[in-house]
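For reference, the structure discussed in these notes is given below.
The first residue of the sequence shown is numbered 1, and numbering continues consecutively from there. Just the heavy atoms: all of them, side chains too, but no hydrogens, waters or symmetry mates, feed the values below. All ligand and atom numbering here is 1-based and tracks the order in the structure.
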Amino acid sequence: MSYDNLTLHTDKYQINMMYAHWVQGTMNEKAVFEAYFRKLPFGNGFAVFAGLERIVRYIRDLRFGDEEIAYLRTQEENYREGFLDELRRFRFTGNLYAVEEGTLVFANEPLVRVEASVFEAQLVETAILNFMNYQTLIATKAARIKQVAPNDTLLEFGTRRAQEAEAAIWGARATYIAGFHATSNMRAGMLFGIPTSGTHAHSWVQGHDTEEEAFRQYAEALPDHVTLLVDTYNTLKSGVINAIKIARILEAQGKRMKGIRLDSGDLAYLSQRAREMLDDAGFPYVKIVASNDLDENIIFSLKGQGAKIDIWGIGTQLITAADQPALGGVYKLVAREKNGEYVPVIKISGNPEKISTPGFKEVYRIVNTQTGKAEADYLTLKDDETVKEGKRIKLFDPVHPYIFKHIEYYHAEPLLKPIYVDGECVYALPQLEQIREYHERQLNLFWPQYLRKLNPESYRVNLSESAWELKMDLIRKYQN
Ligand SMILES: Nc1ncnc2c1ncn2[C@@H]1O[C@H](COP(=O)(O)OP(=O)(O)OP(=O)(O)O)[C@@H](O)[C@H]1O
Ligand SMILES: O=P(O)(O)OC[C@H]1O[C@H](OP(=O)(O)OP(=O)(O)O)[C@H](O)[C@@H]1O
Ligand SMILES: O=C(O)c1cccnc1
């Protein structure tokens, strides 16, 4: 069995709908779907979009092979052979537009738009949401951590606690996009070119007769990369004292010990005392690494307490997004082909926030040319030329339309970039370093009130007047 083919990484209901379209003869009708989330995670003011590279590879490799077809035959007696033959010929032949990885994104704006035969567009929903939701969530969590320690080194240590192997590596990649510096996961390092970093475990110390001997042997083996875990027995009375002995030995060899790691106890107090001991012994260059169930709140608190920590190793809380373990991104039909033309469609809900925004749309980031800062994201119907022509636009809050302002001097950056056109990949996947740098530039595009971790201002995601009117028309139609 091949574990690599992700074509059946979809919900059964997608295959059932594909089958029903095949039976009805509607499988080639075009559909437009948009993927977006309705609420920012962690109460943050923004999210960091990630997942596109995985989506691109997934779309490229979509094939129903012999194993997939044989399996489907066993799963549903209604599936006729003609349908399975159709699946054998399956290729993605549609268009896919998406926001680039590292982009700051907000609620209720399309992040991925699929325009394809309904047969194709339906199949890919589950996987696209799976990749986008998880990776965006972890990149956003990492961005929050980065915000409280912007000048420190951040190491991703989460693999052992991650929700399985793929989550570990794609999660590690997402943290790197958001500004982490290295991962402990060697496979993520090899596959994505992320720098790797590692100290040693308690088992290394436990596995020797004395802590000092353990440290000495480690330093002999890896003299250029010595960071010693000092909390196995007693951090201040034994661990730091032994580490200082090793730092002396290394100095005598013309080398510098890199650091010590604290992994338990009061990290503020222990780091301050350890710093004093290292400085007094003449080793101000030895860095202090901390780990132990850290997250942005603990790091923020430790900094407030004056902790002397240079490097943070962060695992469980980051890779599992423990305070909000899922991003609720959805994939909604916004237009469908009828008699050769697109008609907009809506999903009505008793909860106004859940009413979808109909129509084939573009999303623009409106950047004020006088301040250089982003003013709003602006959703227009696709054929609306106002923004392209640079005309004055009215920004109004779709929930409170009486709150509005006009903007005249702006640059409008289309956020949805062409990735697949007529089934051909037209997007050159950027290097990870480029994505990381792009993310940093994105942060500079926003005023700090949208970026702060606690109670950020809401950044505007506005509808054009015609997009708003279309939505109101369809709501009225279904109310009647
Ligand atoms: N000064 C501090 N202020 C706030 N939180 C801290 C401080 N020092 C450590 N922490 C955090 O408090 C938690 C302490 O965890 P826990 O109660 O398991 O203690 P521990 O020191 O890990 O004990 P053990 O020796 O069993 O490992 C961790 O999440 C750690 O990061
Ligand atoms: O606390 P996290 O943020 O999840 O970071 C990863 C943790 O994994 C290791 O502990 P573990 O007890 O698994 O192994 P060890 O014996 O090497 O400490 C490490 O010492 C960290 O505490
Ligand atoms: O290198 C480390 O110190 C490390 C790596 C993974 C998990 N915990 C610690």
Polar-atom distance check: R160 versus ligand 2, any N or O pair below 3.5 Å?
yes
Check each atom of ligand 2 against the heavy atoms of H202 and keep those under 4.0 Å away; list them by number with element.
15 (P), 16 (O), 17 (O), 18 (O)
Less than 4.0 Å from atom 3 (N) of ligand 1, is there any heavy atom belonging to the protein?
yes
Any N/O pair T199/ligand 3 closer than 3.5 Å
yes
Of all the atoms in ligand 2, which lie at a distance below 4.0 Å from a heavy atom belonging to R261?
19 (C), 20 (O)
Please determine if T316 has a nitrogen or oxygen closer than 3.5 Å to a nitrogen or oxygen of ligand 2.
yes
Could you give all pairs that pass the salt bridge (charged side-chain N to carboxylate O under 4.0 Å, His left out) test and reach residues 92-105, with sequence neighbours left out?
E101-R173
Shortest protein heavy-atom distance from atom 25 (O) of ligand 1, along with the residue and atom involved
S264 CB, 3.6 Å
Quick one: nearest non-hydrogen protein atom to atom 3 (O) of ligand 2, plus distance?
G315 N, 2.8 Å
Using a heavy-atom cut-off of under 4.0 Å, does the side chain or the backbone of L302 touch ligand 1, or both, or neither?
side chain
Looking only at distances, please establish whether an N/O atom of ligand 3 is found under 3.5 Å from an N/O atom of R261.
yes
Check: N5 and D61 side chains under 4.5 Å, non-hydrogen atoms:
no
For R160, take its heavy atoms, then give the atoms of ligand 3 lying under 4.0 Å from any of them.
6 (C), 7 (C)
Atoms in ligand 1 flagged as close to Q305, the criterion being non-hydrogen separation under 4.0 Å:
1 (N), 2 (C), 3 (N), 4 (C)
Heavy atoms only: which of N297, N292, T316 is nearest to atom 19 (O) of ligand 1?
N292
Below 4.0 angstrom, N of the basic side chain to O of the carboxylate: do D231 and R261 qualify?
no
Can R161 be said to touch ligand 2, with heavy atoms closer than 4.0 Å?
yes
Report, in ascending order of atom number, the atoms of ligand 3 lying under 4.0 Å from any heavy atom of G198.
1 (O)
For the rings on F46 and F446, is their centre-to-centre separation under 6.0 Å?
no
